[in-house]
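Shown next, in structure tokens, is the structure this report addresses.
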Amino acid sequence: MSQERGITPRAENFSEWYNDVIMRAELADYSPVRGCMVIRPRGYGIWELMQRALDEMFKETGHENAYFPLFIPQSFLAKEAQHVEGFSPETAVVTQGGGKELEEPLVVRPTSETIIYSLYAKWIQSYRDLPLLLNQWANIVRWEMRTRLFLRTTEFLWQEGHTAHATDREAEEETRLILGIYRRFMEEWMAMPVITGLKTESEKFAGAVRTYACEALMQDNRALQAGTSHHLGQNFAKAFEVQYQTAEGELEHVWNTSWGVSTRLVGGLIMSHSDDTGLVCPPRLAPTQVVIVPIWKSDEQRSSVMGVAGQIERELRASGVRVRLDARDGLKPGAKYYEWEGKGVPVRMEIGPRDVADQQAMVARRSGGKAPVKLADLVSAMPRVFAEIQSALFAAATERQEENTVRSVTKQQLIDLMEGPGGFAFGGYCGGERCEIEVKDRTKATVRVLPDPEFRSEPAPAACVWCGEPAVTEAVWAKAY
RNA sequence: CGGGGUGUAGCGCAGCCCGGUUAGCGCGCCUGCUUCGGGAGCAGGAGGUCCCCGGUUCAAAUCCGGGCACCCCGACCA
């Protein structure tokens, strides 16, 4: 036995398990700078695949990429009252440059609304300039009290879309369009089910009129806010005087939206599927989808096995599969199995002398199951195998979410649930801030979203879970990351 | 910011209470040979500011004081 350090069992300590999975899979490492993280190639590879998929969806819907500066004049943040109030406590500020005190301190962007809309004011003159649909891939800095790899770090990577529209309705449609894209990405690529809906006043983005979000339930039954889409109304347009002339010659402020997902998604991916062996990654986002492990005893066997393995590797790669042949000498096959399982490679192909003789390979899935496949069928079989794994992961995560969701909770059930197993609790809500605060004080749970119609209960709850007054809406409570 | 824990080789740790001369162990790493269908074996080898600063002492990984960093649990937080 030459076991590497084991992974803390998930059931024993979820946080330590999470860290262990990241270390075992070599996704990230701690940095010399407090609260910051280093994203290693296997983690960055997941992010790159996420970027590629999302970027394509943004472009399909008419968005273009641009890049705005990291530094924002401090005065810009202050132009929108709610915005500055929300972000000031967590900004990093540069006061010196080139050895001299700066005329005006520069904020390291915690988000880019202010600098972007200051430029939009210049670019937008006429209704013919609208809509303006831009996105940027960038890093941002928020000075966090307590950090966790991928989930909350001082610096992180994200995309932020910023759009300007002629009408309130168009901006609302954009906000909803993006929320739908996020949901589709999380379900179809991450195999992570989400609940979408509206944020309450206290939880919405600082400076927004409305914030919509995707909320996912992790394996410890806490909710992760995985993506947000904000309808900014004319708040920033007024602050930065972003105006356009209508066809009728009137001067109007534009309507803005902003929306983002971050490297936090990688954390969500990890916490949705992984197990005590290590990372479990859905094939569509796996930097390595297939690892080929050759097996031999003698030198003759080695050359024939490697010949076949190399051939399969080339064919799979040519067909678009992200494949890797593990030809390392001196490691037994079993050791390689454990290593690649820990790293979350969805499919392992074992090829030994017996397989070569039978013209087949053993195809083993990270999530369980192993079966021989004829060499001639390997390439054509992979899309189906990937699709099955992908949908099995989504089905398992969906089942887990449903098992940990309670509909029409009573006050006592809400308390018991949050003191006990956790999960999503659906119930009536009067809409009052006081109930929101009391629930949080008593249970640590917050309103994650006021769910969209497709997630709502039938029939709609009549009374507020907390105060018993008539419910004006339904809410989803959970303890959040 | 409060409570708890940890800093000794790349990783995981022992040694510290009770100071002592070449600071150990497992894994990993390098070389060679034998191995290889679920974590290989043998032989040889490389690798250390014992977190930092100061103090006590003939002598400090070990005792004392101060600091720093990281992790966990809270508090806080789009």
Side-chain angles (χ1 to χ4, degrees), chain A residues 1-8 12-20 22-24 26 29-37 82-83 85-91 110-111 113 140 142-149 151-152 154 156 158 160 199-208 210-213 215 224-230 232 258-262 264 277 293-299 301-302 305-306 326-342 348-358 360-362 364 370 372 440-441 444 446 448 479-481:
Chain A
M1 292 288 273
S2 63
Q3 287 203 357
E4 296 181 25
R5 188 170 81 99
I7 291 176
T8 303
E12 188 180 296
N13 185 326
F14 194 83
S15 295
E16 285 183 8
W17 166 82
Y18 175 77
N19 288 334
D20 288 347
I22 288 170
M23 292 303 164
R24 166 70 70 90
E26 296 177 356
D29 209 337
Y30 296 101
S31 89
V33 181
R34 181 196 186 94
C36 293
M37 72 184 287
Q82 295 299 313
H83 196 62
E85 192 182 318
F87 282 102
S88 287
E90 51 185 81
T91 52
T111 179
E113 275 76 7
I140 62 176
R142 295 179 185 179
W143 218 259
E144 300 288 353
M145 299 267 283
R146 185 176 162 192
T147 58
R148 303 195 59 187
L149 294 175
L151 301 175
R152 178 176 285 107
T154 299
F156 59 94
W158 78 342
E160 48 180 323
K199 285 287 180 183
T200 61
E201 282 299 300
S202 67
E203 296 271 334
K204 77 178 185 187
F205 176 74
R210 272 190 292 284
T211 290
Y212 296 99
E215 293 280 333
L224 183 76
Q225 179 173 293
T228 46
S229 183
H230 316 291
L232 303 177
S258 70
W259 28 275
V261 294
S262 71
R264 171 180 257 203
T277 308
V293 178
I295 299 158
W296 64 74
K297 284 188 180 26
S298 64
D299 280 348
Q301 286 178 340
R302 177 183 178 149
V305 164
M306 283 303 289
D326 187 352
R328 287 176 298 175
D329 211 343
L331 274 183
K332 295 184 77 171
K336 295 180 181 179
Y337 300 168
Y338 280 101
E339 179 175 328
W340 294 112
E341 282 167 5
R348 177 181 73 238
M349 286 183 190
E350 305 167 10
I351 303 175
R354 292 204 298 272
D355 299 306
V356 171
D358 296 342
Q360 66 173 30
M362 293 303 296
K370 181 151 104 170
K440 185 176 182 181
D441 288 347
K444 311 279 189 224
T446 49
R448 299 323 301 153
K479 283 188 278 189
Y481 270 94

Taking any heavy-atom pair under 4.0 Å as a contact, classify [X]: base, sugar-phosphate, or nothing.
X        : value
A/Trp158 : base
A/Gly330 : base
A/Pro89  : nothing

Pairwise [atom1] distance, [M] and [N] [rounded to whole Å]:
N     : M     : atom1 : value
B/G48 : B/A23 : P     : 13 Å
B/C77 : B/G5  : P     : 28 Å
B/C13 : B/C71 : P     : 15 Å
B/C70 : B/U8  : C1'   : 16 Å
B/G10 : B/A46 : P     : 16 Å
B/U21 : B/A60 : P     : 12 Å
B/A43 : B/U6  : C1'   : 37 Å
B/C58 : B/U49 : C1'   : 24 Å

Nearest-nucleotide comparison on RNA chain B, the residue closer to the 5′ end among A/Ile351 and A/Phe205:
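Between the two, 5'-proximity favours A/Ile351.
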
If each of A/Pro333 and A/Phe156 is mapped to the nucleotide of RNA chain B with the nearest heavy atom, which maps nearer the 5' terminus, i.e. the 5' end?
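First, find each residue's nearest nucleotide; the 5'-ward one identifies A/Pro333.
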
Grab the [atom1]-[atom2] distance between [X] and [N] for me, whole Å please.
X        : N     : atom1 : atom2 : result
A/Glu339 : B/C11 : CD    : C1'   : 14 Å
A/Asp29  : B/C11 : CG    : P     : 9 Å
A/Leu331 : B/G37 : CG    : P     : 12 Å
A/Tyr338 : B/G37 : OH    : P     : 12 Å
A/Tyr337 : B/G37 : OH    : C1'   : 6 Å
A/Arg328 : B/C36 : CZ    : C1'   : 14 Å
A/Lys370 : B/G38 : NZ    : C1'   : 7 Å
A/Asp326 : B/G37 : CG    : C1'   : 15 Å

If the condition is side-chain hydrogen bond (donor to acceptor under 3.5 Å, both in side chains), which residues does [X] pass it with, not counting sequence neighbours?
X        : value
A/Glu12  : none
A/Trp158 : A/Glu160
A/Thr446 : A/Arg448

With A/Arg152 as the cation and A/Tyr481 as the aromatic partner, state whether NZ or CZ is under 6.0 Å from the six-membered ring centre and within 45° of the axis.
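Geometry flag: not set, cation outside 6.0 Å or 45°.
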
Looking only at the side chain of A/Trp296 (C-beta and beyond, no hydrogens), which of the listed nucleotides B/G38, B/G37, B/C36 gets closest?
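Minimum distance to the A/Trp296 side chain belongs to B/C36.
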
Go through B/A40, B/G38, B/G37 for me and flag the one nearest to the A/Arg348 side chain.
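When the side chain of A/Arg348 is considered, B/G38 is the closest of B/A40, B/G38, B/G37.
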
Could you write nucleotides 71-77 of chain B as a row of B, S and -, 5' to 3', where a protein heavy atom under 4.0 Å of any base atom gives B, of only sugar-phosphate atoms gives S, and otherwise -?
SSSBBBB

Using a cut-off of strictly less than 4.0 Å, decide whether A/Lys336 has a side-chain nitrogen or oxygen near OP1 or OP2 of B/G39.
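Checking B/G39 against A/Lys336, no side-chain N or O comes under 4.0 Å of OP1 or OP2.
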
Evaluate A/Asn13 against A/Thr8 for side chain to side chain donor-acceptor pair (under 3.5 Å), listing each step before the verdict.
CA-CA 7 Å; A/Asn13 185 326; A/Thr8 303; over 6 Å; no

According to the Watson-Crick and G-U wobble definition with distances under 3.5 Å, which dot-bracket string, read 5' to 3', encodes RNA chain B, using [ ] for crossing pairs and | for pairs with another strand?
((((((((.[[[[.)....(...]]]].((((((.....)))))).....[[[[[..)....]]]]])))))))....

Evaluate A/Arg302 against A/Asp329 for salt bridge (Lys or Arg N to Asp or Glu O under 4.0 Å), listing each step before the verdict.
CA-CA 11 Å; A/Arg302 177 183 178 149; A/Asp329 211 343; 2.8 Å; yes

Do the side chain of A/Glu341 and the base of B/G39 come within less than 3.5 angstrom through a donor-acceptor pair of N or O atoms?
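Absent.
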
So do the side chains of A/Phe205 and A/Trp259 get within less than 4.5 Å of each other, counting heavy atoms only?
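No. Closest side-chain heavy atoms not under 4.5 Å.
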
Looking only at heavy atoms, which two atoms of A/Pro353 and A/Val305 are closest? And how far apart?
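Closest heavy-atom pair between A/Pro353 and A/Val305: N-CG2, 3.7 Å.
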
Which residues pass the salt bridge (charged side-chain N to carboxylate O under 4.0 Å, His left out) test with A/Arg354, not counting sequence neighbours?
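Salt bridge (charged side-chain N to carboxylate O under 4.0 Å, His left out) check on A/Arg354 returns nothing, list empty.
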
Can you check salt bridge (Lys or Arg N to Asp or Glu O under 4.0 Å) on A/Glu350 and A/Lys336, steps first, answer last?
CA-CA 10 Å; A/Glu350 305 167 10; A/Lys336 295 180 181 179; over 6 Å; no

Inspect the contact between A/Glu339 and A/Arg328 and indicate whether a charged nitrogen and a carboxylate oxygen are less than 4.0 angstrom apart.
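Salt bridge: yes.
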
